[in-house]
Amino acid sequence: MTRRTPQPPARRLVALLAVLSLGLGGILYRLVVLQVKDASAYQAMARNELLREIALPATRGTIFDRNAQPLAMSLPAKAVFADPAIVRNTASEARAVASILHLDRAEVEAKLRPGVRADGTAVRFVYLARGIDLDVAARLAAKHLPGIGFLAESRRYYPGNELAAQVLGFVGTDGTGLDGLESQYQKILAGRPGHQVVEEDPQGVFIPQGTNEDVPPVPGEDLVLTIDQDIQYRVQTALAQAVKENNAKGGTVIVMDPRTGEILAMADYPWFDPGHFADYASSRWKNGTVANAYEPGSVNKVITAAAAIQDRVVGLSQRFEVPDHLRLYDKVFHDAHGHPPEQMTLADILAYSSNIGAIKVAGLLGKDRFSSYLDRFGLGHTTGLGFPGESSGIVPPPGQWSGTSMGTIPIGQGIAVTPLQMASVYATVANGGVWVQPRLVRGTVGEDGRVTPAPPPDTRQVISAQTASTLTRMLAYAVEVGTGTEAQIPGYWVAGKTGTALKPLPNALGYSTGKYVASFIGFLPASRPSLVIAAILDEPSTEFGGIAAAPLFRQIAHVAVARLRIPPASKPPAPQHAIGAG
Amino acid sequence: MTAPRARRKGRPARRPKLRVVAPRRRRRLPFLLISLVVVGTLIAGVASVQALVSQSSFHMSELSRRTEQLRERSLELRLKVAELSSPRHLQDAARRLGLRVPAEVNLLTVKAGASGGARGTGSTHDQLALDGHVQGSP
């Protein structure tokens, strides 16, 4: 028997080769998949494991009053969120969160329970609270509750609470301005958020010299208002008191500098606390000084008189025979008080607020000329303040006027104006006939402290300086002897006009009975005006503007002249008058 | 064929005696030592620098955190100041101290050349114009 040398079986070798080839091929394929095809995905996963992106919210700009007192400012805060999929013990975590954040435990527990969205995916993010103080958030963070996280954000504070609330407006939970100047100047105040990317180890410890990308946030610019915090406070105190004393439904006050158009105070009662705006009815959020249009009543007679003087349709010593009533088409107009026919000059008509006298003067002007003066004084147009929700008022074009319109509009009925529009009319007279666009913002301050003043206000000559001067004498006379005596301030000569207007019915069909808007708008010192004040009360129990609103004007003027150290000026000469002239 | 012939003719050339020369020994130890020291120093230096950089990074990180904390504290204090200096707070504080808002604004008339000082006028219109501030009638 011959022994055969054992030979490796060819088949086995082939099989082994094939297996090895397959194995190597598999490894090679996997290598290509990992290193080439999915490389970027795995790289991203690795980066995500190591890198953490931190959002850096921009600090919202502060809103200052004219003396750099903060009216609204932002502080860093935390938003607390939960990932229900990571929460371990729902009940105990809910108890801890609710206890520290002062929330309802059941509500928190419901949020912490795993949930499913409408699309079938698990809920991985739910806010538990927003705008939490940093120290409170730190106390919660110290508990290291699984599934509870924190996001940087800011919270808006209003140190004066209700101070200038409707002017400032408010921000939402995400820090976006929703109303008032907060909304109007959102882009300037908001700034630009940044972010930071840092490298961390699996325990979340920062790795020095690792990736560190830092895009710092750009803080918002600060806003400097024309509002004087102290005057604003005293205005609000006086207004709230006047509303209470007169059993009024509400009230409005505007204090402005007629020379610059700067608004020193602006209040509309009732107001709200912008830090807790959601607790108040939305009707309180509205800045009625620019958003509410009302029938001005007799304060509108100043436009009638200005037009008559400017266009020389009446002489200053010209006497009108003024009865206490007058029929115009199908409507009979009355003066506020019955009286026998009297001889009145234009100054008397203004001083005693004669409706019939004003209608007679307007009749001499004609509706086109009179309408053009309403337009020139800015009625029917927004003031250019740019305030959210500002109304342009309602002034029908002359083509739509009825036969009785020349009876109603000259005495301030049948049109609607905003309190700011009417204050601007008086500011125009006080400023030598030059209308100056009202403004609330003096300028902005950048992060570097650079001050950018607001653009100069628009101006236009509405009536001549001579007409304005003559009108001022008449308005001062109205306060000295006429319906506005309650507005007198010892030591100062005040020029102004009362207004008492019946409120139209909500359906615009006629007027209500016994519901009035009482107002007094004036300026001082009459010979050198530096302050215009509009005081308006809605539905006071004492209907007449001279009784209800003039004392409010006086009280505010007292405060303002002392605060602004306005020196008195000489008494303006009395105008030509017939009543009491002998 | 000419060379052997010539050698045979002349005296044979004397060759210098060859001697075994000890190989020149290179001293490696100092070089190794110096190398080790240099490399060691470099490694230690790099490690130290790395440690210092890391330490500085942690320090910087800590300082940044502290700066942020102080900035937040500063903002909190600014808010506190704003709240305390708000007119309502000041008025409440003044009331607690027994102060009250004056009902009337009293004006003082200063007459030019008068040596008797100022006197309160209250409501006498004709005496209220401050000298130097009187403006002509329009």
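Order of the sequence lines fixes the chain letters, A, B, ..., with proteins taken first and strands second; residue numbering starts at 1 for each chain.
- Environment of NE2 in A:His195: crowded, with over 12 heavy atoms of neighbouring residues, nucleotides or ligands closer than 6.0 Å.
- No part of A:Asp133 comes within reach of chain B, as not one of its non-hydrogen atoms sits under 4.5 angstrom from that chain.
- Residues satisfying the ring-ring contact (aromatic ring centres under 6.0 Å, His included) test with A:Phe523, not counting sequence neighbours, are none.
- For residues 34-48 of chain B, a heavy-atom distance under 4.5 Å to chain A picks out no residue at all.
- Only the side chain of A:Gln69 comes within contact range of chain B, with heavy atoms under 4.5 Å apart.
- The stretch residues 230-239 of chain A places A:Asp230, A:Tyr233, A:Arg234 near chain B, each with some heavy atom under 4.5 Å from a heavy atom of that chain.
- In this structure, the portion of A:Glu162 lying under 4.5 Å from any heavy atom of chain B is its side chain and not its backbone.
- Highest contact tally toward chain A, considering only B:Ala82, B:Ser86, B:Pro87, is held by B:Pro87 [criterion: heavy-atom pairs under 4.5 Å].
- In this structure, the salt bridge (charged side-chain N to carboxylate O under 4.0 Å, His left out) partners of B:Glu76, at least two apart in sequence or on a different chain, are B:Arg73.
- For chain A, the nearby parts of B:Arg78 are the backbone and the side chain; heavy atoms of each come within less than 4.5 Å.
- Across every non-hydrogen atom of A:Gln229 and B:Ser85, the tightest pair is NE2-O, 4.0 Å.
- Neither the backbone nor the side chain of B:Ser56 comes within contact range of chain A; no heavy atom of the residue lies under 4.5 Å from a heavy atom of that chain.
- Listed here is the closest heavy atom pair of B:Arg71 and A:Thr59: NH1-OG1, 3.9 Å.
- Closest approach of A:Pro159 to B:Leu79, counting heavy atoms only: CG-CD1, 4.1 Å.
- Atom CG of A:Leu134 and atom CD of B:Glu72 lie 4.5 Å apart (nearest 0.5 Å).
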